[in-house]
Amino acid sequence: MELSQVAAQSQRQIQVQRMSQRQIQAMKILSLATSDVENEIYEFAEKNPALEVSERAGSRERTGASRPKADFDAIIDREADTRTSLFEHLSFQLNALPLSEPERELGAKLIGNLDGDGHHILSPYSFLGSAKNDIAVETLEKILSLIQTFDPVGTCVKNVEESLLVQAKNAPVPNNLALFILDGHFDFLDPPRADKVLKKLKAFSSEEKKLKSYGSDDSRTVFSKLNLEKITLSDVENAVRFIKTLDPKPARAFGSFSPNFVRVDAVVKNDGGNVSVSFPQSELPDMRISADYEILGGKKAVSEQEKANVQFARQSIFEAQSFMEAVSYRKSSLQKAALEIASVQYDFFVRGPAFLKPFLQKDLAETLGVHETTVSRIANGKYLSCDFGVFPFGYFFTTQVGSGQKTAMDESSKTDGPAVTSPSSKEAVKFKISQILLSHKGDKKPPSDQKISDLLAQEGISVARRTVAKYRAELNVGSSYER
């Protein structure tokens with residue numbers, strides 16, 4: 001038997017795309033949160049003398065690449081805060097209540113979302129995830145109201161005004177006039193002088209005889225018990241005195257627990273249907289190339305030492321310019337993404353969280369002309385502020401389910417042609433399912449998953465029975481047999 005070995009050599013050509021060092025740096029900067037980018041800027045400036053950093057006016061005082069010196073005397077004198085934290089105090093009360101597991105988890109998220117004053121950091125609605133429907137919102141409001149009555153009363157609120165209102169509502173002997181002032185008329189207390197407040201109340205009463213277009217239902221109930229035209233100076237003095245007994249900072253007695261604060265990257269405002277987007281200009285420090293290094297880099301070197309110095313200056317300038325371009329790319333990408341989100345989710349910013357539209361990261365990627373992973377980096381750790389609170393960018397990306405749903409225009413259309421449908425998001429389908437379940441809540445024979453699927457089909461939403469069952473379970477609703 002003969003054994004032989006043959007060596008063959010072949011050649012093939014493949015195309016491999018590798019990111020340059022500048023692209024890698026740009027992607028890294030893009031994925032960072034604003035606070036992390038700020039730290040990255042100062043750390044880079046400490047390593048690269050060609051980059052000069054100066055803080056914008058009105059923000060933290062920093063000049064050049066140096067960080068502020070620590071106040072060592074204050075550090076030495078400072079004692080550890082051994083008091084029970086607000087987080088621990090509220091969590092103990094939450095865990096003592098007979099709540100369902102989903103309710104307990106939601107309560108824990110809300111408590112963990114509070115700053116040292118007991119105010120929300122992110123909008124509570126951001127914790128609903130994809131379950132933006134009547135049932136989920138009702139549960140959220142239930143847990144919010146519950147935590148607000150925990151000791152100390154008046155935490156888990158959006159601001160001082162709401163805290164005072166919660167405390168006033170839960171007082172042993174509520175003052176109706178104080179409730180009215182705190183619920184939407186807080187400006188009447190500027191200044192908190194009884195005669196000035198009385199004058200404003202009289203002016204309000206003479207201008208507005210009907211309260212149905214003002215305030216919440218609670219405010220209307222309180223107002224129905226009041227006759228502002230007959231309010232006396234003594235009544236106002238009592239109300240102001242009552243308000244002064246409330247604590248604008250009920251969480252002050254508890255230790256800090258170092259919450260994670262967020263810095264907003266975009267602000268969306270709705271002015272009568274006109275949605276505008278602005279961007280905080282003072283979040284990041286100003287950067288520029290050192291004039292000394294520009295002069296050194298432009299010199300003609302003679303000696304070897306001079307050549308080395310010039311080469312170092314030019315390389316430092318090149319790296320500094322690349323870094324500045326990466327930060328600038330992050331800024332422009334965030335602005336483009338925020339503007340597109342405001343455009344696509346216009347109904348959300350005008351009408352509220354229940355009106356999110358189907359919107360995927362790949363849709364934004366196609367619009368911006370970038371890869372989907374780039375959009376993921378843009379959304380990572382970025383936050384947007386609007387009339388309904390502070391939301392992470394990722395909150396506005398929702399999935400699409402079914403073939404479509406009838407729009408308000410379809411319902412009012414008088415044409416005989418087929419109904420035009422618009423895409424249905426997963427949240428919209430779950431909202432429809434919750435509406436069907438609520439409308440048939442008292443039926444002797446609750447609708448089955450197939451029946452719900454059929455009812456959705458009548459509205460132009462094509463969803464399989466198994467999908468209905470899945471969404472029903474996510475709504476924490478049992479089967480028709482269990483109901």
Side-chain angles (χ1 to χ4, degrees), residues 84-158 162-163 166 250-251 254-262 348 352-354 356 379-381 383-384 388-399 401 425-431 433-435 437-438 441 467-479 482-483:
T84 301
S85 70
L86 179 65
F87 176 82
E88 294 169 334
H89 188 64
L90 296 177
S91 296
F92 177 81
Q93 298 174 73
L94 177 73
N95 294 330
L97 296 177
L99 301 173
S100 66
E101 193 58 31
E103 290 174 335
R104 196 179 308 280
E105 290 178 0
L106 179 58
K109 291 180 181 178
L110 292 172
I111 292 174
N113 184 49
L114 303 180
D115 62 19
D117 292 326
H119 299 164
H120 304 305
I121 298 174
L122 297 179
S123 168
Y125 289 95
S126 65
F127 294 105
L128 293 180
S130 60
K132 305 174 188 71
N133 51 70
D134 285 350
I135 296 176
V137 171
E138 184 179 347
T139 302
L140 174 65
E141 293 175 349
K142 169 189 172 183
I143 302 301
L144 270 174
S145 299
L146 184 65
I147 297 175
Q148 288 172 354
T149 61
F150 285 177
D151 176 64
V153 176
T155 62
C156 204
V157 294
K158 61 183 178 181
E162 186 180 8
S163 177
V166 169
F254 297 89
S256 61
F257 58 97
S258 300
N260 294 320
F261 292 98
V262 299
F348 169 91
L356 275 179
N380 179 51
Y383 295 89
L384 182 151
F388 304 102
V390 178
F391 298 86
F393 272 37
Y395 177 85
F396 300 97
F397 298 114
T398 60
T399 57
V401 178
S425 67
K426 177 182 178 181
E427 292 74 25
V429 173
K430 290 174 71 173
F431 177 74
I433 292 175
S434 68
Q435 284 187 319
L437 292 172
L438 288 173
K441 191 172 182 179
T467 304
V468 171
K470 175 184 175 182
Y471 292 170
R472 174 182 50 74
E474 291 180 6
L475 292 170
N476 295 319
V477 178
S479 64
E482 295 171 330
R483 299 197 303 273

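Separation of atoms OG (Ser126) and CZ (Phe391) is listed at 6.5 Å; rounding is to 0.5 Å. Considering OG of Ser85 and CD1 of Ile111, their distance stands at 10.0 Å, rounded to 0.5 Å. Atoms CG and SG, on Asn113 and Cys156 in that order, are 8.0 Å from each other to the nearest 0.5 Å. Here the straight-line distance linking atom CG of Leu106 with atom CG of Leu99 works out to 10.0 Å at 0.5 Å rounding.
Counting only heavy atoms from C-beta outward, the side chains of Leu384 and Phe393 approach each other to under 4.5 Å. At a threshold of 4.5 Å between non-hydrogen side-chain atoms, the residues Leu86 and Pro152 count as touching. Taking the side chain as every heavy atom from C-beta outward, Leu144 and Pro124 approach each other to under 4.5 Å.
Applying the ring pair (Phe, Tyr, Trp, His ring centres under 6.0 Å) test to every pair with at least one member in residues 91-112, sequence neighbours left out, gives no pairs at all.
For the pair Val153 and Pro250, the tightest heavy-atom approach, listed with the atom from each and the gap, is O-CB, 3.7 Å. Smallest separation of non-hydrogen atoms from Leu114 and His120: CD2-ND1, 3.8 Å. In terms of heavy atoms, Gly154 sits closest to Ser163 at O-OG, 2.7 Å. Nearest heavy atom pair, residue Gly394 against residue Ala379, reads N-CB, 4.3 Å. The two residues Thr155 and Ala251 have their closest heavy-atom pair at CG2-CB, 4.4 Å. Nearest heavy-atom pair across Gly112 and Phe87 is CA-CE1, 3.8 Å.
Checked against side chain to side chain contact (heavy atoms under 4.5 Å, CB included), Val390 has the following partners two or more places apart in sequence or in another chain: Leu122, Val262, Val264, Tyr383, Ser385. For Lys109, the side chain to side chain contact (heavy atoms under 4.5 Å, CB included) partners at least two apart in sequence or on another chain are Phe127. For Lys142, the salt bridge (Lys or Arg N to Asp or Glu O under 4.0 Å) partners at least two apart in sequence or on another chain are Glu103. With sequence neighbours left out, the side chain to side chain contact (heavy atoms under 4.5 Å, CB included) criterion links Gln93 to His89, Leu90, Phe150, Asp151. In this structure, His119 has no ring-ring contact (aromatic ring centres under 6.0 Å, His included) partners at least two apart in sequence or on a different chain.
Note: Tyr125 and Phe388 fail the aromatic proximity criterion, with ring centroids not under 6.0 Å apart.
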